[in-house]
Amino acid sequence: MDLGLNGKTALVMASSRGLGKAIAMKLSEEGANIMLASRSEDALKTAAEEIRNKTNGNVHYTVCDITNPTSIKETVQAAVEAFGPVDILVNNAGGPPAGGFDNFEDDAWQKAFELNLLSFVRAIREVLPHMRKQGGGRILNIASSSIKEPIDGLILSNTFRNGIAGLAKSLATELGKDKILVNTLGPGRIGTDRLTELDQIGASKAGMTLEEIRASKAVSIPLGRYGQPEEFANIAVFLCSGANSYVTGQALLVDGGLIRAL
């Protein structure tokens, strides 16, 4: 299948590692021009070199603090200057701290809001003029399986990830006339550094080893294992591609069947 990504410009946020990097890798394999963005220049440089070496693709990077509106504006401009108007925006961000309601005061809520929801709003605002001018685009928001079922001990994530799904649903209606497709993709238990961090917290609380906690979690997944970042990226790339011409406003999970909620 021709995904129609050759020569397209893709801006992938929080892409120096984990799911963002995996998505950028797959987009590059399909011929898209890639602008990586994250806070760490060293990590970005390493990721860009790895992607170029594997795909022989056109990959640039720029340092971006996604909690800073000026930094987001400059990141979008850097992508435009490098490759031309942005065709694809992959909104992504690291997760907020784990904990329950009693663990957080206003400051933590405000920081999680700016990291996990307002940053998405700001990035979309910056790319929309370019997408509208060229007659279409794709926006993919990376959230969590908590958009379907809350995860115990992650109240900040549960709250703002659901805001992302609501944002995408509303934007799909507003932007349909502009041929801009907007979707949300939620990872289940995908083998990233973030999941390792959460598993280590869970293992410590349960008095288990990391391997034991992972085995206990895998039992609840119908496919019997954690997913790989590349498997998640395969679905993300389709939703970002020209082959996806009629899926918008949807919140999809890549979770091996973990979440039973409709």
Is the backbone N or O of Ser146 less than 3.5 Å from a side-chain atom of Asn162, with the two atoms forming a donor-acceptor pair by type? yes
Min side-chain heavy-atom separation Leu36-Ile51 under 4.5 Å: yes
Count the heavy atoms belonging to other residues, nucleotides or ligands that lie under 6.0 Å from CG of Asn53, then report whether that count exceeds 12. yes
Are any side-chain N or O atoms of Ser28 and backbone N or O atoms of Ala24, one a donor and one an acceptor, separated by less than 3.5 Å? no
Are Ile147 and Leu258 linked, directly or through intermediate hydrophobic residues, by side-chain heavy-atom contacts shorter than 4.5 Å (ILVMFWY only)? yes
Using every non-hydrogen atom in the two residues, find where Asn92 and Ala14 come nearest and quote the distance to one decimal. ND2-O, 3.1 Å
Cluster check Leu195, Leu154: I/L/V/M/F/W/Y, side chain < 4.5 angstrom: no
Donor-acceptor pair, Arg138 side chain versus Asn244 backbone, under 3.5 Å? yes
Atom CD in Gln200, atom OG1 in Thr209: separation rounded to 0.5 Å? 11.0 Å
When you look at Thr67 and Asp65, which way does the side chain to side chain donor-acceptor pair (under 3.5 Å) test go after all the steps? CA-CA 5 Å; Thr67 64; Asp65 176 1; 2.6 Å; yes
Test of understanding: with ring-ring contact (aromatic ring centres under 6.0 Å, His included), list the residues that count as partners of His60, not counting sequence neighbours. Phe83
Please say whether more than 12 non-hydrogen atoms of neighbouring residues, nucleotides or ligands are located less than 6.0 Å from NZ in Lys205. no
Check step by step if side-chain contact (heavy atoms from CB on, under 4.5 Å) holds for Thr159 and Leu117. CA-CA 10 Å; Thr159 300; Leu117 183 54; over 6 Å; no
Expected output: side-chain Glu41 to main-chain Tyr61 donor-acceptor under 3.5 Å: no
Pro229 and Thr192, any side-chain heavy atoms less than 4.5 Å apart: yes
Heavy-atom distance under 4.5 Å between the side chains of Leu156 and Asn116, does that happen here? no
Say whether, by atom type as modelled, one donor and one acceptor occur between the side chain of Lys179 and the main chain of Gly176 under 3.5 angstrom. no
In sequence, state the C-alpha distance, the side-chain angles, and the governing distance for Arg214 and Thr196, and then conclude on side chain to side chain donor-acceptor pair (under 3.5 Å). CA-CA 9 Å; Arg214 285 177 167 169; Thr196 296; 2.7 Å; yes
Hey, any chance Val59 and Leu19 share a hydrophobic cluster, counting ILVMFWY side chains that come within less than 4.5 Å of each other, even indirectly? yes
Stepwise side-chain contact (heavy atoms from CB on, under 4.5 Å) check, Leu181 with Val247: CA-CA 7 Å; Leu181 280 60; Val247 178; 5.5 Å; no
Might you point out which heavy atoms bring Ala22 and Ala233 nearest each other, and give the distance in Å? O-CB, 3.4 Å
Do NZ/NE/NH1/NH2 and the carboxylate oxygens of Asp199 and Lys217 come within less than 4.0 Å? no
Side-chain heavy-atom pair Glu29, Met25 within 4.5 angstrom cut-off: yes
How close do Thr75 and Ala37 get, counting heavy atoms only, and between which atoms? CG2-CB, 3.9 Å
From Asn68 CG over to Ser119 OG, what is the distance, rounded to the nearest 0.5 angstrom? 11.5 Å
Does the Asn91 side chain pair with the main chain of Asn141, one donor and one acceptor, at a distance under 3.5 Å? no
Main chain of Ser15, side chain of Lys21: is a donor-acceptor contact present, judged purely on distance under 3.5 Å? no
Whether over 12 other heavy atoms sit under 6.0 Å from Arg122 CZ: yes
Give the minimum heavy-atom separation between Arg225 and Glu231, together with the two atoms involved. NH2-OE2, 2.7 Å
Minimum-distance pair of heavy atoms, taken over all atoms of Ala93 and Ile66: CB-CD1, 3.4 Å
Find out if a path of hydrophobic residues (ILVMFWY) with successive side-chain heavy-atom gaps under 4.5 Å connects Leu3 to Val12. yes
What residue among Val90, Ile88, Leu185 forms side chain to side chain contact (heavy atoms under 4.5 Å, CB included) with Leu239? Leu185
Please check if the side chain of Asn183 supplies one atom and the backbone of Gln250 the other of a donor-acceptor pair under 3.5 Å. yes
Can you get from Leu27 to Val80 by hopping between Ile, Leu, Val, Met, Phe, Trp and Tyr side chains that sit under 4.5 Å apart? no
Check the angle between the aromatic planes of Phe160 and Phe113 and answer parallel, tilted or perpendicular using the 30° and 60° thresholds. tilted
Keeping Ser220 on the side-chain end and Ser216 on the backbone end, is there a donor-acceptor pair under 3.5 Å? no
Answer whether the closest heavy-atom distance between the side chains of Met13 and Leu89 falls below 4.5 Å. yes
Do you know which two heavy atoms are closest between Ala98 and Ile201, and how far apart they sit? CB-CD1, 4.3 Å
Tell me, do Thr62 and Met35 make a side-chain contact under 4.5 Å, heavy atoms counted? yes
